[in-house]
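One structure below.
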2 protein chains.
Amino acid sequence: MSPRVRISDVARRAGVAPSTVSAVLNEVSGARVKDSTRERVRQAADELGYAPNALARGLRTRRSGTLAFISDVIATTPYAGQLIQGAQDTAWAAGHVLMVVNTGGDPAIESRALAVLRQQQVAGVLWATMSHRVVPAPVPPHGTPLVLLDAQDGTGAVPSVIPDEEAGARAAVAELADHGHRRIGFVLDREDSPASDGRTAGYRAALAERGLPVEDALVARARSCSAGGEEAAGVLLDRPHPPTAIFAFTDQMAVGVYHAAAARGLRIPEDLSVVGFDDLAVLAQELRPGLSSIALPHYAMGQTAAATLLRLVEDPHAEVPAVQRVRTRVVRRGSVGPAPSA
Amino acid sequence: MSPRVRISDVARRAGVAPSTVSAVLNEVSGARVKDSTRERVRQAADELGYAPNALARGLRTRRSGTLAFISDVIATTPYAGQLIQGAQDTAWAAGHVLMVVNTGGDPAIESRALAVLRQQQVAGVLWATMSHRVVPAPVPPHGTPLVLLDAQDGTGAVPSVIPDEEAGARAAVAELADHGHRRIGFVLDREDSPASDGRTAGYRAALAERGLPVEDALVARARSCSAGGEEAAGVLLDRPHPPTAIFAFTDQMAVGVYHAAAARGLRIPEDLSVVGFDDLAVLAQELRPGLSSIALPHYAMGQTAAATLLRLVEDPHAEVPAVQRVRTRVVRRGSVGPAPSA
DNA sequence: CTGAAAGCGCTTACAG
DNA sequence: CTGAAAGCGCTTACAG
């Protein structure tokens, strides 16, 4: 073992009691300590390279200075990092460290994670899903605050931070309508989820507000992948009055729209405009032309969730919003052009 | 605060001393406790839902049960998750939890992270770079073991776990040569790094072994992005004796190869075969045809690094390899075909 | 076979 | 203005 420096070592060197060292280093408000003593303590601590043992402090204060970040699948998505990064930066600024556990969605691991993190005395739990879903609210240790990230529980009893799906879809439609498109198609997945419900609502509302056609013939559902996007876009493009623009549920589905267009000799954006969702940069950037997309605010969501959790950690009875919707952002690349003058 | 159950509560309920509870629950080897007593203790613990306070235990045993995972940029890459996942699963199996900090590569944050994690009494530090690089070895708290992940320090004094770049490049060449290609080009980035050095060495060695041409005219360097890949591939394809197959330094550069081929009316794989590197699934899967690629073993690397670190945590003088190279894997999609019969 | 005591390294009333 | 004592919740020798 290394010769760890303890508070008593600092006290001895400064010629004071450990309690005085503690008061000085923690800048305890009520503490009356002569300036010269403070100076001596600080210097002794510096010279010895003293750093307090967080375990001992946590045991005594009942505050571990750690938060749990539990997520289902971090592994395959490029977004997860941003979520964690946002949460971490916020936690960090408040003097907290993140303990991260990925459960792979396995309920057995989930409950073990909760148990282990409880033992670690985490001050709060961030529970993240890697795509906006409704989940059964996990049950953290009694008294430990919980915030859901990119997830909602059925009851709404647990505070949650989610993307504003509806506003995102509205922005996508606005982007296309502003370029003169009137027949705007929507290609989406088959699952019912807050994401598809919200985006569908936004799509319809945005069209209705502008007096643009809201038709079933402009909407097609398929699997949530590029093959699905190709299939669904093909259905729309082969109809008698095909859309001149398509809003795709995800960037992956948008790739399928590109393929469907190419197969029909349609150029993007001259003959068909496309907007995706997710802003999966590694993909959207590489398409020709680049895919305009609606970016989900993962970093901001991480920040918001951590900030909310920290408020609850400070004060378990703090009033926090049940659901916070974080704004999306339009990322323009090159897949949207003026509507063909037909 | 919630009514946390302490070991003394369990002891009282079971009618024994706390030390007996500790001995039973931790299955201390030398402890002689009657079976009936053990049973009573276990039952009392169960009934009360007892879970030991890791802070108190860690303070006493000087083992926190936590490892640090410090990385530069987790945010933008889809690989990071696998690295963390591998490390976490291994740590977890050994009863350790990961504290994760992303530094963004900022040296000030790096040293603060090290300091904070030292206070948290982490048992060891995993230091990850998100692409194989040589870094100045960080200085963790005296006595805390350190393992580099996807990174090497200049001196080789710190154990490190890296991908086997050379074997990966060999596998790429083998994949192409096995399809009858003889003129195999290589498109790589401009930076000198262990990744480019290793892949270049593997490329050349594999060609030489097979008696295939190793020519400067078959190699082109450019920026490490799709535009760079397009530029470099264009140079090769416009030469008098163009290659019939191209090995690209990354999947992103491979996308550029696709574009360069398309611009010249070359079909993949009929006229040109392509192999990428990284297996960036979200991209490689979406190309037409799908891009065959060399997968980096991120999950395995995370596992190996954590296992190595845990050995050092158990025994600071354990003999561990200075550098462990983890094998890559060939992922076949559809971008490799037989060499044109010319 | 089991319990009492000490101590890990802090912070928090409290005494002076 | 500062120090001595107690205690956070465990585990580890040691005594019996």
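Residue numbers start from 1 in every chain, and the chains themselves are labelled A, B, ... in the order their sequence lines are given, proteins ahead of strands.
Within 4.0 Å of A:Val28, counting heavy atoms only, lies no atom of the nucleic acid at all. Within 4.0 Å of B:Arg6, counting heavy atoms only, lie sugar-phosphate atoms of the nucleic acid but no base atom.
In this structure, the nucleotide among D:dC10, D:dT11, D:dG3 sitting nearest to the side chain of A:Val16 is D:dG3. The side chain of A:Lys34 has D:dC1 as its nearest neighbour among D:dT11, D:dC1, C:dT2. In the set D:dT11, C:dC10, D:dG3, the nucleotide with an atom closest to the side chain of A:Ala17 is D:dG3.
Side-chain to base pairing of B:Ser19 with C:dA5: no donor and acceptor N or O lie closer than 3.5 Å to each other.
In this entry the distance linking CD of A:Gln120 with P of D:dC8 reads 20 Å, nearest Å. D:dC1 atom P lies 14 Å from atom CZ of A:Arg40, rounded to whole Å. Rounded to a whole Å, the OH atom of B:Tyr50 is 6 Å from the P atom of D:dT11. When the P atom of D:dG7 is taken as reference, atom CG of B:Leu59 falls 17 Å away, rounded to whole Å. Protein atom CZ of A:Arg62 is 21 Å distant from nucleotide atom P of C:dG9, rounded to whole Å. Spacing between atom CZ of A:Arg12 and atom C1' of D:dG3 amounts to 15 Å, rounded to whole angstrom units. For the pair A:Gln119 CD and D:dG9 C1', the interatomic distance rounds to 13 Å; values are reported in whole Å. Look at CZ on B:Arg118: it is 14 Å from C1' on C:dG9, rounded to the nearest Å.
For the OP1/OP2 pair of D:dT2 and a distance below 4.0 Å, the side-chain nitrogens and oxygens of A:Thr37 include at least one atom meeting the criterion. For C:dT11, the OP1/OP2 oxygens have a side-chain nitrogen or oxygen of A:Arg57 closer than 4.0 Å. For C:dC8, the OP1/OP2 oxygens have no side-chain nitrogen or oxygen of A:Asn53 closer than 4.0 Å. For the OP1/OP2 pair of C:dT11 and a distance below 4.0 Å, the side-chain nitrogens and oxygens of A:Arg63 include no atom meeting the criterion.
Judged by distance alone, with hydrogens and angles left aside, the side-chain atoms of A:Thr37 form no donor-acceptor pair with the main-chain N or O of A:Val33 at under 3.5 Å.
Mapping B:Asp35 and B:Arg60 onto DNA chain C by nearest heavy atom places B:Asp35 closer to the 5' end of the strand.
No hydrogens or angles considered: a donor-acceptor pair under 3.5 Å links the side chains of B:Ser71 and B:Asn102. With no hydrogens or angles considered, a side-chain donor-acceptor pair links B:Arg57 and B:Asn26 at under 3.5 Å.
For D:dG3, the paired nucleotide is C:dC14, the pair qualifying as Watson-Crick or G-U wobble because both relevant distances are below 3.5 Å.
Counting only heavy atoms from C-beta outward, the side chains of A:Pro145 and A:Val125 never approach each other to under 4.5 Å.
With respect to the salt-bridge test (charged N to carboxylate O, under 4.0 angstrom), the residues B:Arg63 and B:Glu314 qualify.
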